[in-house]
Amino acid sequence: RSTVIMHGGDGPAFVYLHSTVGESFRWLPFHQAWAKHFTVYAPTHPGFGKSGGFDQIDTIEDMAFHCVELFDALGLGEVILGGVSLGGWIAAEFAVRWPERVKKLWISGAPGLWVDEEPLPDLFRDMTDRDKVRRLLFHDPNGHMARLVIADEASEEQMLSAYQSMTVLARLMWERPYDPKLASRLHRIQCPTLLLWGAHDRLVPPAYGEAYRKYLPHAELKQIADCGHLGMFEKETEFCDAVTRFCR
């Protein structure tokens with residue numbers, strides 16, 4: 001099964017796991033910012049873009065096993081690992097299974113746990129309403145980046161990408177939008193961990209960052225002001241700087 005992967009830069013191995021927006025289809029400014037300090041690997045998950053292997057994915061655990069096999073194929077031993085949203089959840093699932101392979105971990109806006117007081121919104125219901133999606137993903141839904149990432153008029157490519165994203169999410173999260181075993185396994189992660197959340201994340205609220213911090217022994221939680229779910233777009237400089245400082 002083929003996996004599409006971008007890479008660039010020089011330095012320690014730094015693996016970025018993308019969100020359901022699919023921001024690893026092209027090399028973006030935040031990838032380039034990290035490539036000044038690290039060798040950045042940005043794989044496209046099975047079921048997204050032109051990456052194969054989705055027929056073998058039934059659970060979030062399958063995504064984690066896909067990653068370990070990919071890292072083996074790339075000859076990557078210990079890595080700096082991080083991701084946003086779905087990518088952050090996959091990173092956490094990877095790190096509880098193979099803690100010895102993660103030098104540093106950072107996750108942003110990740111589901112995976114469940115917080116009774118703040119249940120996750122139903123993204124499947126709102127997916128066709130682009131205004132609602134922008135409000136879920138951005139602190140300022142009328143800002144330039146919000147309009148750029150979630151355009152009013154979607155191209156055929158964007159529509160296909162959104163359909164692929166929903167197909168993957170439905171398989172992983174339709175019956176249960178979290179992993180009931182994750183909380184009890186997080187203690188296995190012994191590396192330094194950064195939990196980076198938009199202070200105004202409406203899709204996966206900061207309460208989920210607090211929940212991760214409760215179970216992670218070596219985690220710090222940092223919130224970015226005036227920022228929603230996709231900090232790498234809405235607050236790019238602050239987001240990239242926070243990750244870079246932590247990972248160096």
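Keep in mind that the numbers below use all heavy atoms, side chains included, and drop hydrogens, waters and symmetry copies. Here the structure is a predicted model, which means the values were calculated and not measured.
Ring-centre distance between Phe48 and His18: below the 6.0 Å cut-off. Between Phe30 and Tyr16, the distance from one ring center to the other falls under 6.0 angstrom.
Taking hydrophobic clusters as Ile, Leu, Val, Met, Phe, Trp and Tyr residues chained together by side-chain heavy-atom distances below 4.5 Å, Leu113 shares a cluster with Trp174. Clustering ILVMFWY residues whenever any of their side-chain heavy atoms sit less than 4.5 angstrom apart, transitively, puts Val4 in a cluster other than the one holding Val40. Hydrophobic clustering, with ILVMFWY side chains joined whenever heavy atoms are under 4.5 angstrom apart, keeps Leu160 apart from Phe25. The cluster map of Ile, Leu, Val, Met, Phe, Trp and Tyr, joined by side-chain heavy atoms under 4.5 Å apart, puts Val149 and Met159 in different clusters.
The shortest heavy-atom contact between Phe246 and Lys104 is O-NZ, 2.7 Å. Heavy atoms only, all atoms of each residue included: Gly198 and Pro206 are closest at O-CG, 3.5 Å. Of all the heavy atoms in Ser108 and Leu196, the pair that sits closest is OG-O, 2.7 Å. Residues Tyr178 and Gly112 share a closest heavy-atom pair of CB-O, 3.4 Å. When all heavy atoms of Pro177 and Pro111 are compared, the pair lying nearest together is O-CB, 4.5 Å. When all heavy atoms of Ala199 and Ala225 are compared, the closest pair comes out as CB-CA, 4.2 Å.
In this structure, Gln164 CD and His45 NE2 are separated by 12.5 Å, a value rounded to the nearest 0.5 Å. With values rounded to the nearest 0.5 angstrom, Cys247 atom SG is found 9.0 Å from Leu105 atom CG. One distance of note links CD1 of Ile90 with CD1 of Ile60; it measures 4.5 Å at 0.5 Å rounding. Atom NE2 of His187 and atom CD1 of Ile189 lie 10.0 Å apart (nearest 0.5 Å). A distance of 12.0 Å separates CG in Leu172 from CD in Glu61, rounded to the nearest 0.5 Å. Interatomic distance, CG of Asp226 versus NZ of Lys235, reported as 5.0 Å (0.5 Å rounding).
Under the 4.5 Å side-chain criterion, counting only non-hydrogen atoms from C-beta, Val102 is not in contact with Ile80. Counting heavy atoms from C-beta outward, Pro121 and Leu136 have side chains that approach closer than 4.5 Å. With contacts defined as side-chain heavy-atom distances shorter than 4.5 Å, the pair Cys227/Phe138 does not qualify. Side-chain contact check for Arg97 versus Arg188: every heavy-atom pair is 4.5 Å or farther apart. A 4.5 Å side-chain heavy-atom check between Phe14 and Thr39 finds every atom pair outside the cut-off. Looking only at side-chain heavy atoms (C-beta outward), Pro43 and Leu17 come within less than 4.5 Å of each other. Contact annotation: the side chain of Met232 approaches that of Glu23 to within less than 4.5 Å [non-hydrogen atoms, C-beta and beyond].
Thr167 places a side-chain N or O within donor-acceptor distance of the main-chain N or O of Tyr163, the cut-off being under 3.5 Å. Looking at Ser19, its side chain does come within 3.5 Å of a backbone N or O of Val21 through a donor-acceptor pair. Here the side chain of Thr44 pairs no donor or acceptor atom with the backbone of Gly49 at under 3.5 angstrom. In terms of modelled atom types and a separation under 3.5 Å, the side chain of Asp62 and the main chain of Thr59 share a donor-acceptor contact. Remark: the backbone N or O of Cys191 is paired with a side-chain donor or acceptor of Thr193 at under 3.5 angstrom. Of the possible donor and acceptor atoms, one in the side chain of His31 sits under 3.5 Å from a partner among the backbone N and O of Leu28. Checking side-chain atoms of Glu234 against main-chain N and O of Ala146 turns up no donor-acceptor pair under 3.5 Å.
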For this session: Please assess Glu93 against Leu182 for the test side-chain contact (heavy atoms from CB on, under 4.5 Å), listing each intermediate value before the final yes or no.
Result: CA-CA 7 Å; Glu93 297 281 359; Leu182 182 58; 3.9 Å; yes

For this session: Take Met63 and Cys67, measure what side-chain contact (heavy atoms from CB on, under 4.5 Å) needs, and give me the verdict at the end.
Result: CA-CA 6 Å; Met63 283 288 200; Cys67 285; 5.8 Å; no

Problem set entry | salt bridge (Lys or Arg N to Asp or Glu O under 4.0 Å) assessment of Asp72 paired with Arg101 | CA-CA 11 Å; Asp72 288 348; Arg101 300 201 50 177; 2.8 Å; yes

For this session: Quick one: do Glu238 and Asp241 satisfy side-chain contact (heavy atoms from CB on, under 4.5 Å)? Show the steps, please.
Result: CA-CA 5 Å; Glu238 196 174 337; Asp241 286 354; 5.9 Å; no

Problem set entry | side-chain contact (heavy atoms from CB on, under 4.5 Å) between Val96 and Lys181, worked out | CA-CA 11 Å; Val96 299; Lys181 295 181 179 177; over 6 Å; no

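Each of Thr20, Leu137, Leu120, Leu230 was compared with Leu203 under the side-chain contact (heavy atoms from CB on, under 4.5 Å) criterion, and only Leu137 meets it.
Both tests hold for Arg171 against Phe54: distance to the six-membered ring centre under 6.0 Å, angle to the ring axis within 45°.
Sorted by first and then second residue, the side chain to side chain donor-acceptor pair (under 3.5 Å) pairs with a member in residues 195-219 read Gln190-His218, Asp201-His229, Glu210-Arg213; sequence neighbours excluded.
Ion pair Arg147/Asp152 flagged as a salt bridge, since at least one NZ, NE, NH1 or NH2 atom sits closer than 4.0 Å to an Asp/Glu carboxylate oxygen. A salt bridge links Arg26 with Glu157: the distance from a Lys NZ or Arg NE/NH1/NH2 to an Asp or Glu carboxylate oxygen falls below 4.0 Å. A salt bridge is absent between Asp140 and Arg135; no separation between the charged side-chain nitrogens and carboxylate oxygens falls under 4.0 Å.
Take Phe94 and apply the ring-ring contact (aromatic ring centres under 6.0 Å, His included) test, not counting sequence neighbours, and it matches Phe71, Trp98.
Environment of CD in Glu175: sparse, with no more than 12 heavy atoms of neighbouring residues, nucleotides or ligands closer than 6.0 Å.
Between Phe239 and Trp106, the ring-plane angle classifies as perpendicular under the 30° and 60° cut-offs.
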